[in-house]
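For reference, the structure discussed in these notes is given below.
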Amino acid sequence: MSADALKKIVSQSGLSDAAWLRAIGKHEAGATRLRQMMNGQRPVSTEMAQAAKAFASGQLITEG
């Protein structure tokens, strides 16, 4: 998954970075890494790509 694709999915969720991480069962401390992934400064992790794909396909329900 590209950084742009991840950024688009996270922004479509309507959640902040920290809220997105909580929604997929991750700790808020990963928000810096998430931003780096979305900015192309760090490769998108397999786990983050899977969570983003699950959200995009409606399999992951997030709560604001």
Side-chain angles (χ1 to χ4, degrees):
M1 171 174 285
S2 71
D4 287 339
L6 177 63
K7 186 185 293 187
K8 182 177 179 184
I9 291 170
V10 172
S11 68
Q12 286 176 343
S13 75
L15 302 174
S16 68
D17 295 349
W20 169 263
L21 290 167
R22 284 194 305 273
I24 64 169
K26 294 289 166 203
H27 194 271
E28 291 179 33
T32 298
R33 287 191 301 275
L34 174 60
R35 281 191 290 278
Q36 289 172 339
M37 287 180 203
M38 291 191 299
N39 291 331
Q41 298 166 321
R42 174 186 291 259
V44 176
S45 69
T46 302
E47 187 177 32
M48 192 62 68
Q50 289 173 339
K53 288 176 187 174
F55 175 82
S57 67
Q59 296 172 358
L60 177 70
I61 304 301
T62 57
E63 296 178 13

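Note that the structure is a prediction, hence the values are computed from the model and not measured. One-based numbering along the sequence shown.
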Closest approach of [X] to [Y] (non-hydrogen atoms, all atoms of both residues):
{"X": "A51", "Y": "I24", "value": "CB-CG2, 3.8 Å"}
{"X": "S2", "Y": "A5", "value": "OG-N, 3.0 Å"}
{"X": "A54", "Y": "S57", "value": "O-OG, 3.1 Å"}
{"X": "A52", "Y": "L6", "value": "CB-CD1, 3.8 Å"}
{"X": "A31", "Y": "D17", "value": "CB-CB, 4.2 Å"}

Could you give the distance from CG (D4) to CD1 (I9), rounded to the nearest 0.5 Å?
11.5 Å
Measuring from atom OG1 of T46 to atom CE of M1, what distance do you get when rounded to the nearest 0.5 angstrom?
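T46 atom OG1 to M1 atom CE measures 10.5 Å (nearest 0.5 Å).
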S11: partners by side-chain contact (heavy atoms from CB on, under 4.5 Å), with sequence neighbours left out:
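Not a single residue meets the side-chain contact (heavy atoms from CB on, under 4.5 Å) criterion with S11.
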Does Q36 have any side-chain contact (heavy atoms from CB on, under 4.5 Å) partners at least two apart in sequence or in another chain, and if so, which?
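Scan of Q36 (side-chain contact (heavy atoms from CB on, under 4.5 Å), adjacent residues dropped) gives T32, R33, Q41, R42.
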What I'd like to find out is whether the side chain of [X] reaches to under 4.5 Å of the side chain of [Y], using heavy atoms alone.
{"X": "K7", "Y": "N39", "result": "yes"}
{"X": "L15", "Y": "R22", "result": "no"}
{"X": "M48", "Y": "L21", "result": "yes"}

Partners meeting side chain to side chain donor-acceptor pair (under 3.5 Å) with E47 (sequence neighbours left out):
K26
